[in-house]
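Labels below follow one simple rule: chain letters A, B, ... track the order of the sequence lines, proteins then strands, and each chain is numbered from 1.
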Amino acid sequence: MADVVVQQGRVARTSGTRKRGSLRNALGHKSTVAFFLTLPLILLIVLLVLYPAFYSVYLATLNKAMTKFVGLGNFTFLFKRETFWMVVKQSCIFAITAVVFKALIGFIVAHFVHNIPGKKQRKWRGMLLVPWVIPPAMSTLAWLWLFDPSYSAFNYTLSFFGVGPIPWLGDTFWARFAVILVNVWYGAPFFLIMYLAALKSVPDQLYEAAAIDGANWWQRIWYVTLPMMRNIIAITTLFSLIVTFANFDIVRILTSGGPLDTTHLFATWAFQVGIQSSDIPLGACVSLFMVPILAVAAIFILRDVTKRGNEA
Amino acid sequence: MSTVAIDKAGPSRKVKYGSMSRDRAWALRWSYFFLVLFAIFFLTPPVYMLITSLKSSAEISAATNPWWVFHPTLSNYVELLTSNQFLRFFWNSSIVAIVVVIITMLISIPAAFALARMKFWGSATLATGVFLTYLIPDSLLFIPLFKMLAVIQDLTGITLLNRWYVLLFIYPTLTVPFCTWIMIGYFASIPKELDEAALIDGASWLQTLTRIFIPVALPGLIAATIFAFTVSWAQFLYPLVFTTSVDQLVLPVGITTTLIKGDVFNWGQIMTGALLGAAPPLIIYAFLMDYYIAGLTAGATKG
């Protein structure tokens with residue numbers, strides 16, 4: 001088979017023109033072919049992502065019955081509402097705290113897993129990634145049951161230590177703590193996997209060199225591990241920031257925004273306002289407030305990803 | 001300090017080696033200790049699901065030790081798996097997830113091929129655009145999409161709201177960008193000589209794709225398939241907004257809305273439902289863990 005190909009190639013080189021013509025033909029068709037191959041993708045993005053995104057801006061400028069253009073009326077209305085500012089504050093607290101703890105736990109656990117030799121490492125990794133695999137709506141139900149006020153497994157366990165029953169989801173502080181805890185539980189394994197992959201890519205020689213220079217473990221992390229992982233840490237953190245900031249499932253199932261709207265995030269409040277109270281323009285308006293933070297994070301991610309692309 | 005270390009290195013090598021391995025052994029012990037603690041934290045909810053699912057409602061309301069099953073029973077499983085309503089949720093979820101996977105692959109494989117191999121006008125911009133779309137969350141688009149569907153429904157008379165099949169069009173917005181993105185990475189890593197050889201042998205672009213790119217990039221394809229499936233299976237916000245009738249619901253929404261009746265929480269059944277709903281992704285994960293992880297890390301670590 002290979003012989004035949006080589007021979008054909010030789011023949012083609014001597015008699016030439018027809019073969020080269022068909023190649024040029026293929027190249028001529030290339031952009032047309034490429035256009036049709038990417039057409040479904042372009043249609044999907046334009047019709048179901050870009051168009052709705054701009055439609056959302058348009059919707060945000062209408063009155064509740066969607067009959068009249070009110071300009072920035074919805075925005076000024078939101079600015080005057082106390083709940084809105086509470087949602088802004090809670091979204092920021094939620095996203096920042098959760099991402100910091102996810103990153104920390106992921107980083108620490110990744111080191112522990114990295115220490116484990118060979119086959120066992122695979123088992124531990126497999127076990128620790130389970131929270132990320134379970135659909136969040138399902139696992140949040142388990143947390144809801146763990147937090148249950150009257151039959152709560154947590155309060156039952158705590159009672160042995162003499163700690164009184166904690167109103168996990170009934171009190172503002174504990175409810176905020178609970179939604180963050182569940183988010184950390186769900187998201188930390190993602191960081192763990194990313195950091196573990198990054199740790200494996202750090203060459204051993206660097207650590208050996210550091211050890212010969214007399215670096216202690218802290219210096220090894222600070223001067224070798226962190227600089228080598230910087231890019232992955234940045235991308236993972238920014239990506240998680242977007243996902244956490246836009247989180248819906250956990251808060252919706254755990255508290256539905258309560259007590260007294262203190263655990264609402266942009267997504268859950270937009271759902272309550274836009275779908276449940278059917279004030280679509282105001283709901284669209286609320287969700288649009290996520291855009292600035294998402295955009296900033298997206299720009300930084302894009303910069304890092306293209307930088308990686310150039311390095312490779 | 002450094003000179004002392006060098007002096008020592010020669011004669012006392014054995015001692016140093018021993019102390020290093022002793023350090024290692026201690027590090028390993030501490031690692032195991034903390035890993036056990038973290039594993040308890042990570043695995044408590046799923047284990048608790050399993051414990052509760054094996055209890056009868058009488059045992060749950062008796063408020064005995066919540067961490068132990070005194071009278072294990074499979075009645076919750078039997079009840080759910082014979083309930084038409086629950087099977088309906090399962091069926092809806094399965095059909096939606098499977099069809100979305102197929103649609104996703106049909107859109108993203110050709111697109112990724114074109115973006116990875118055929119440099120055409122705007123191809124770099126489009127690749128960046130695909131990545132950016134992946135970063136747009138569902139919670140930003142559910143309100144305009146809801147309104148759009150309502151408007152289209154009014155204009156054409158086709159019922160779109162409160163129908164499970166509308167999810168077939170919506171879910172690809174979540175799966176296609178990421179799948180295209182990682183497939184671009186896998187396709188780009190295939191040596192150029194391979195497809196050039198095919199082109200010279202007279203293969204068309206389509207043949208190059210089906211005969212060379214898809215077989216060679218099969219691991220990436222599996223990773224993308226797993227991703228698309230798990231995302232469609234787990235999606236909660238879109239079905240919550242777009243479907244309301246009991247017979248149109250998918251699993252996550254069905255469990256959270258129908259098993260919770262008023263203020264009465266039948267926790268045994270809820271946990272059983274949640275566990276059964278978590279089972280398909282968990283089973284896929286158990287068997288295809290390496291592909292799953294490859295897909296997870298490909299998004300950020302690809303060149």
Aromatic rings A:Phe239 and B:Tyr134: how do their planes relate, parallel, tilted or perpendicular, breaks at 30° and 60°? parallel

Set out, in order, the CA-CA distance, both residues' side-chain angles and the distance that settles side chain to side chain contact (heavy atoms under 4.5 Å, CB included) for A:Phe271 and B:Leu240, then state yes or no. CA-CA 10 Å; A:Phe271 179 80; B:Leu240 185 67; 3.6 Å; yes

Quick one: CD1 on B:Ile270 to CG on A:Leu141, what's the gap to the nearest 0.5 Å? 6.5 Å

Return the option, out of B:Thr180, B:Ile255, B:Thr44, B:Leu43, with the maximum number of heavy-atom pairs under 4.5 Å with chain A. B:Leu43

Looking at A:Leu128 and B:Ala39, what are the two nearest heavy atoms and their distance? CD2-CA, 3.8 Å

Please give me the minimum heavy-atom distance between B:Tyr48 and A:Ala153, naming the atom from each residue. OH-CB, 3.2 Å

Between OG on residue A:Ser56 and CZ on residue B:Phe142, distance to nearest 0.5 Å: 9.5 Å

Shortest non-hydrogen separation from B:Ser31 to A:Ile116 and the atoms involved: CB-CD1, 4.2 Å

Output the option from B:Trp233, B:Phe41, B:Phe169, B:Phe146 having the highest count of non-hydrogen pairs under 4.5 Å with chain A. B:Phe41

Relative to chain B, which of A:His114, A:His111, A:Arg122 shows the most heavy atom pairs under 4.5 Å? A:Arg122

Of all of B:Ala234, B:Pro144, B:Ala286, which one pairs up most often with chain A through heavy atoms under 4.5 Å apart? B:Pro144

Given that the side chain runs from C-beta out, which part of B:Leu132 has a heavy atom under 4.5 Å from chain A: side chain, backbone, both or neither? side chain

Any chance you could lay out the side chain to side chain contact (heavy atoms under 4.5 Å, CB included) test for A:Val133 and B:Thr230, step after step, and finish with the verdict? CA-CA 8 Å; A:Val133 181; B:Thr230 44; 5.5 Å; no

Please tabulate, for the side chains in residues 38-55 of chain A, all donor-acceptor contacts under 3.5 angstrom to protein atoms that are two or more places apart in sequence or on a different chain.
| unit_1 | atom_1 | unit_2 | atom_2 | d |
| --- | --- | --- | --- | --- |
| A:Thr38 | OG1 | A:Ala34 | O | 2.9 |
| A:Thr38 | OG1 | A:Phe35 | O | 3.2 |

Is there a side-chain contact between B:Pro46 and A:Ser139, using heavy atoms and a 4.5 Å cut-off? no

Any chance you could lay out the side chain to side chain contact (heavy atoms under 4.5 Å, CB included) test for B:Phe236 and A:Thr140, step after step, and finish with the verdict? CA-CA 12 Å; B:Phe236 178 66; A:Thr140 311; over 6 Å; no

Chain B: which of A:Leu196, A:Leu265, A:Val291, A:Leu144 shares the most heavy-atom pairs with it under 4.5 Å? A:Leu144

Tell me, side chain or backbone of A:Ile242 under 4.5 Å from chain B's heavy atoms, or both, or neither? side chain

Nearest 0.5 Å please: distance from the CG atom of A:Leu129 over to the OH atom of B:Tyr292. 6.0 Å

Just verifying a value: how many Å separate A:Trp269 CH2 and B:Ser139 OG, rounded to the nearest 0.5 Å? 15.0 Å

Side chain, backbone, both or neither: which part of A:Met127 has a non-hydrogen atom closer than 4.5 Å to chain B? both

Out of A:Gly214, A:Ala295, A:Gly274, A:Ala270, which one racks up the most heavy-atom pairs below 4.5 Å with chain B? A:Ala270

Looking at B:Leu28, B:Leu140, B:Ile109, which makes the most heavy-atom pairs under 4.5 Å with chain A? B:Leu140

Please list all pairs passing the salt bridge (charged side-chain N to carboxylate O under 4.0 Å, His left out) test where one or both residues lie in residues 125-153 of chain A, with sequence neighbours left out. A:Arg125-B:Asp290

Most contact-rich option vs chain A, by heavy-atom pairs under 4.5 angstrom, among B:Ile293, B:Val176, B:Ile136, is B:Ile293

Before giving the answer on side chain to side chain contact (heavy atoms under 4.5 Å, CB included), spell out for A:Leu192 and B:Phe38 the whole-Å C-alpha distance, their side-chain angles and the decisive distance to 0.1 Å. CA-CA 12 Å; A:Leu192 162 68; B:Phe38 279 112; over 6 Å; no

Could you look at B:Val47 and say if it's the side chain, the backbone, both or neither that has a heavy atom under 4.5 Å from chain A? neither

For the CG atom of B:Leu115 and the CG atom of A:Leu37, what is their distance to the nearest 0.5 Å? 9.5 Å

Could you tell me whether the side chain of A:Trp185 and the main chain of B:Phe42 form a donor-acceptor pair under 3.5 Å? yes

Parallel, tilted or perpendicular: which fits the ring planes of A:Trp145 and B:Trp267, with parallel below 30° and perpendicular above 60°? parallel

Could you check whether atom NZ of A:Lys200 has more than 12 heavy atoms from other residues, nucleotides or ligands sitting under 6.0 Å from it? yes

Is chain A contacted by the side chain of B:Leu251, its backbone, both, or neither, given a heavy-atom distance below 4.5 Å? both

At a heavy-atom distance under 4.5 Å, which candidate from A:Pro136, A:Ala142, A:Pro189 has the highest pair count against chain B? A:Ala142

Working to the nearest 0.5 angstrom, can you tell me the gap between A:Leu146 CG and B:Met49 CE? 9.0 Å

Kindly check if the number of other-residue, nucleotide or ligand heavy atoms within 6.0 Å of CH2 (B:Trp30) is above 12? no

Measuring heavy-atom distances to chain B, does A:Arg252 have an atom under 4.5 Å in its side chain, in its backbone, in both, or in neither? side chain

In terms of the angle between their ring planes, are A:Phe112 and B:Phe34 parallel, tilted or perpendicular, with boundaries placed at 30° and 60°? parallel

Considering only heavy atoms and a distance below 4.5 Å, find which of A:Phe190, A:Trp132, A:Phe245 pairs most often with chain B. A:Trp132

Heavy-atom contact with chain B under 4.5 Å, split by part of A:Leu294: side chain

So which part of A:Val182 gets closer than 4.5 Å to some heavy atom of chain B, the side chain, the backbone, both or neither? neither

Please look at A:Ile193 and chain B and tell me whether the side chain, the backbone, both or neither of the residue comes under 4.5 angstrom of a heavy atom of that chain. both

State, with a plain yes or no, whether a side-chain heavy atom of B:Tyr32 is found less than 4.5 Å away from one of A:Lys120. yes

Considering all heavy atoms, the nearest A:Ile134-B:Ala278 contact: CG2-CB, 3.6 Å

Is chain A contacted by the side chain of B:Met289, its backbone, both, or neither, given a heavy-atom distance below 4.5 Å? side chain

